[in-house]
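Here is how names work: the chains are called A, B, and so on, in the same order as the sequence lines, proteins then strands, and each is numbered from 1.
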Amino acid sequence: MIREGLAVAESWFDGIPVRRLLEDGLETRFPLPPGDRPLVDPGAAVLPGDPLLEHLRDRRIDEVTVHAGEAGRPIPGSRWAPTPGRRHRDHEIEGELLAPLPGKGDRWRLVTGDHRVTLPSPVAGVVTEVRPGAEIRLRPDGRVLRAAFAAGSPARGRLELATDPFGDLRPGGIDVGRAGSILVVGSRIDAEALTRARAMGVRGIVVASLPGKELRDFQASERRQRAALHAPPPFGVLALEGALRRSIPGPIMALLERFAGRDVALLVDPPALVFEGEDLASAEMDPTWVRIRSGPNAGAEGRLLGPAGLRRFAAGVHLEAAFVELEGEGPLAVPLGDLERYG
Amino acid sequence: MAVALVGRVDARWRLLGSTAGPVGVPEEALLERLRGRLAAADPALASDLGLLDPDSAAGIPRLTCSTTSAPELAVVAATDRVLAPLVAAASSAGWRVRPLVLDGSEILGVATSLADPRVRAVLAGASDPPGADERALIGDLGALVAATTERRPDLVAVLSGGLAEPGGPVEGLFRPDRSGPTVLAPSPTVGGGEPLRALLDDLRGGADDGRRALAAATGTLADVLQRRIEVVEIGRSGATRAAAAWTAGTVAVPRTANVPEAALLPRSFSDAHLDAVMGWLTVPLDRLRVRDRLRELALAPWGDAAGDGAQLRIAAARAALERLVAATPGFDALPAPDLVIASGGAWHVAPGPAVALALADVLRRPGVRAAGLDHARLLAPLGTIEDPEERYAVMADLRDDLVVPLGTVLMPAGMRAGRSMGRMVINGDGGPVELDLVPGGLELVDLPPGERAVVELDLRDPVRLGLRTRHVAMEVAGGLGGLLVDLRDVPLPLPARLERRRELLASWQAALWPELEP
């Protein structure tokens, strides 16, 4: 009876938000604080591994005398180096002009440093914008799977499935054989396993959920690593769903299985996984397949049977709902706000 | 996203239905849901309105507005002393504020923050004339902000107070031909900061801004109801406090503040925010769990709305309302409102009486006031009607549909603790009800929506109830929560120990939210 109702009321599907599996047109940003030097120009096409920017690891400010040259007055954000061959106390300094020193004529503050590292692009794409002192924006060539949040730095590696969608990767389960890979680790991971993965040369972790405590611990560890003398290789963590434990959604797991063994890029801002190459068309999705995103049955998936109308739920809360058939269970009324479809 | 259907019935506008859905759900789907319900419930009315057939609602005229994420404003000054009033004015103007001070900071850190692409405008200010503590840093301040606009010519630069001299040395540092404006603004000390706040609010842009529209609707509703009204809106991206008072023969001018920091879960969410939510929570959840659930709530505000998810949400809403009240101290100097209206998605999961209690918990002002809920989230869209007369006419038609009455809160202050302070007689339709008034308690009197009663207070000692009095009689209106006699102290004292505090809050809430499991 409910299925018949569904046939005449398919517009009800539209009341359930659709989560796009593969998207196009995303722009990713790479921070370019004052002092860092862009190595690309707007419109440039970059390949994975191409140098994107030169990052100063020990930024500091020096004062230099800047004379207006043929190009006109000096501009904040422009690069500055002393005129070659002239004896000058600023001789060794090179960097980015920050701002003039007030009341000191042609003296300027210059952002400079001694330790520089080149950051490569993790993804193929086109540079859309370069803002010295602010950011580089890049539009990836591939298609994108968006995630809830990310931590660490953008990275690139071979996609490998380390556990099933419900799995939980322990530190002992990660060895050096996983070096260079981006691991899909199922439902959750702790900070200890994350730091071990980084130490083993893993480039990234894709996980369904990352609790706040693990995220904070990992971020603190990451800050210590970045402050070390030698820059660590890029390593990022991508949480697909959120902070509370649940499995990787079935349609997303199917997608990850499809691209396993291929190189993918893990982006942090915005959080996403980029798939490149051929065969990037989205798979046909069953429009009645839904996942319970939140609430008591979070993580369960099933088939949409039909609208349940405004219903009363726990604590006397009235919410719009739909009937969902979960595997091995009868129809269950679930608030529409807890459901998501895939497309 | 919320959609309400308004139609012309018997020559006046009436609310025909309302619904809401998660972001990403097409507006048409929600509208079709409402149309379908109207057609099923009253086919004759649906037919008269031309809404009987599927998709027949697609072409009807609409009033739309939206509340988007607040843009970021860097507020920079030489010293903390100068920074504080600038931040106070900016943080209630709808901007997310990034405060920066030069004194004691590294120039590189300040410059990096100013250049951050997420910053859309910079407000730089100095005392007028500059104080001794800031004179040495004024040059650096101007040079840094001007250099930032050279990097980002589109950046909006606002110079305030001592920096805002027309044609002065600081303004001269900014290129006049850049794409972004350089605005000379009043000092935050002028007019209590209101002129600066209003200017910053205008600079924020957003033609269909729901929060500005809500303020306009508040003014009109005050005129329609001939009352002093205060609207407190708590949303995902920010919060609004708007107040307006009716005066015969004039149009009510609303006072408004738009505070992103008072969003249900602000972007700057920190341990202090978490502690504030924990302080209002009535379910025993551990701190780490609450943090994770709030993170989920930020990712999907429409999810997990039942059960203890609803309690978590109402605790977060109370904490947000506290922040809103703290950020808008000027409103407390206005005469107390006759009607307080809760608006925004944060209030919609809890039953009406529980919302009335939440308002009483946080808005601690002695007096008698009605509480209402903008249940159809219709106030802000109506505020987008540009012609004030047309807006008045539509809202006058809809006056009985706009706000669900939650009840009346009677909140005396200045009571002596520990003994009965007197008695109260409520003369309603069901006959008189007598109450012994014991300070510290919360009494609930059943008074359904639509009913009115006369309350007589006979007290041993004078209390503050708008005015200081011992004997008073007043008419009160009923609501979903009835009459709430709030004999708790003003401000509300709560135990410091979390468990004890939770028990106390739960005991107050139990009477007004009986569906909760003990």
Side-chain angles (χ1 to χ4, degrees), chain A residues 9 11-19 29 31 33-35 59-61 75-77 97-103 109 111 131-135 137 148-149 209 211-213 215 241-244 293-296 298 307 309-310 312-320 335-340, chain B residues 19-26 28-30 32-33 36-37 54-55 106-108 111-112 115-117 138-144 146-152 173 288-289 291-297 299-311 349-351 513-517:
Chain A
S11 64
W12 261 90
F13 285 16
D14 295 339
I16 301 169
V18 177
R19 181 169 171 182
R29 62 180 289 271
R59 291 192 306 155
R60 67 169 194 276
I61 285 187
I75 298 171
L97 293 176
L98 186 70
L101 275 159
R109 287 194 171 97
V111 187
R131 281 184 171 183
E135 65 179 356
R137 284 182 173 268
F149 59 89
S209 55
K213 179 188 174 301
L215 176 65
E241 299 295 295
L244 295 176
R293 200 199 169 280
S294 47
L310 199 60
R312 189 171 184 269
F313 288 90
V317 176
H318 289 81
L319 300 166
E320 297 284 347
L336 293 188
D338 284 345
L339 293 174
E340 64 182 9
Chain B
T19 190
V23 171
V25 170
E28 297 301 332
L30 300 180
E32 183 57 22
R33 181 191 294 168
R37 284 194 183 143
D55 298 325
E106 289 200 11
I107 289 287
L108 186 51
T112 303
D116 189 322
I138 291 281
D140 267 339
L141 182 61
L144 266 181
T148 307
T149 60
E150 297 257 3
R151 288 172 186 275
R152 296 182 51 196
L173 297 172
L288 294 178
R289 183 81 179 164
R291 182 196 295 278
D292 285 348
R293 289 189 66 168
L294 291 175
R295 193 174 179 94
E296 292 278 338
L297 185 58
L299 289 168
W302 48 87
D304 195 16
D308 55 10
Q311 295 183 71
V349 292
W513 200 341
E515 298 89 348
L516 291 178
E517 290 171 11

Taking all non-hydrogen atoms of both residues, which atom of [X] and which atom of [Y] are closest, and how far apart?
X: Asp14(A); Y: Ala29(B); result: CB-CB, 3.4 Å
X: Asp304(B); Y: Ser294(A); result: N-OG, 3.3 Å
X: Ala99(A); Y: Leu144(B); result: CB-CD2, 4.2 Å
X: Ala306(B); Y: Phe313(A); result: CB-CB, 3.5 Å
X: Pro22(B); Y: Gly15(A); result: CD-O, 4.3 Å

Looking only at heavy atoms and a cut-off of under 4.5 Å, which of [options] has the most pairs with chain A?
options: Leu299(B), Thr112(B), Leu108(B); value: Leu108(B)
options: Arg289(B), Glu28(B), Glu106(B), Arg37(B); value: Arg37(B)
options: Val23(B), Asp116(B), Asp55(B), Asp140(B); value: Asp140(B)
options: Gly24(B), Pro301(B), Ala115(B), Gly309(B); value: Ala115(B)

For [X], is it the side chain, the backbone, both, or neither that has a heavy atom closer than 4.5 Å to a heavy atom of chain B?
X: Glu241(A); result: backbone
X: Pro211(A); result: both
X: Leu244(A); result: both

Nearest 0.5 Å, please: how far is [atom2] in [Y] from [atom1] in [X]?
X: Arg151(B); Y: Ile75(A); atom1: CZ; atom2: CD1; answer: 11.5 Å
X: Leu98(A); Y: Ile107(B); atom1: CG; atom2: CD1; answer: 8.0 Å
X: Leu215(A); Y: Arg295(B); atom1: CG; atom2: CZ; answer: 5.5 Å

Part of [X] within contact of chain A (heavy atom distance under 4.5 Å):
X: Pro117(B); answer: both
X: Thr148(B); answer: neither
X: Ala310(B); answer: side chain

Most heavy-atom pairs under 4.5 angstrom with chain B, which of [options]?
options: Pro33(A), Gly103(A), Gly242(A), Ala243(A); answer: Ala243(A)
options: Gly35(A), Gly133(A), Pro100(A), Pro31(A); answer: Gly133(A)
options: Arg109(A), His318(A), Arg19(A); answer: Arg109(A)
options: Arg131(A), Arg60(A), Lys213(A), Glu320(A); answer: Glu320(A)

Q. Can Arg293(A) and Glu296(B) be counted as an ion pair, charged N to O under 4.0 angstrom?
A.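 Salt bridge flag = yes for Glu296(B) with Arg293(A).
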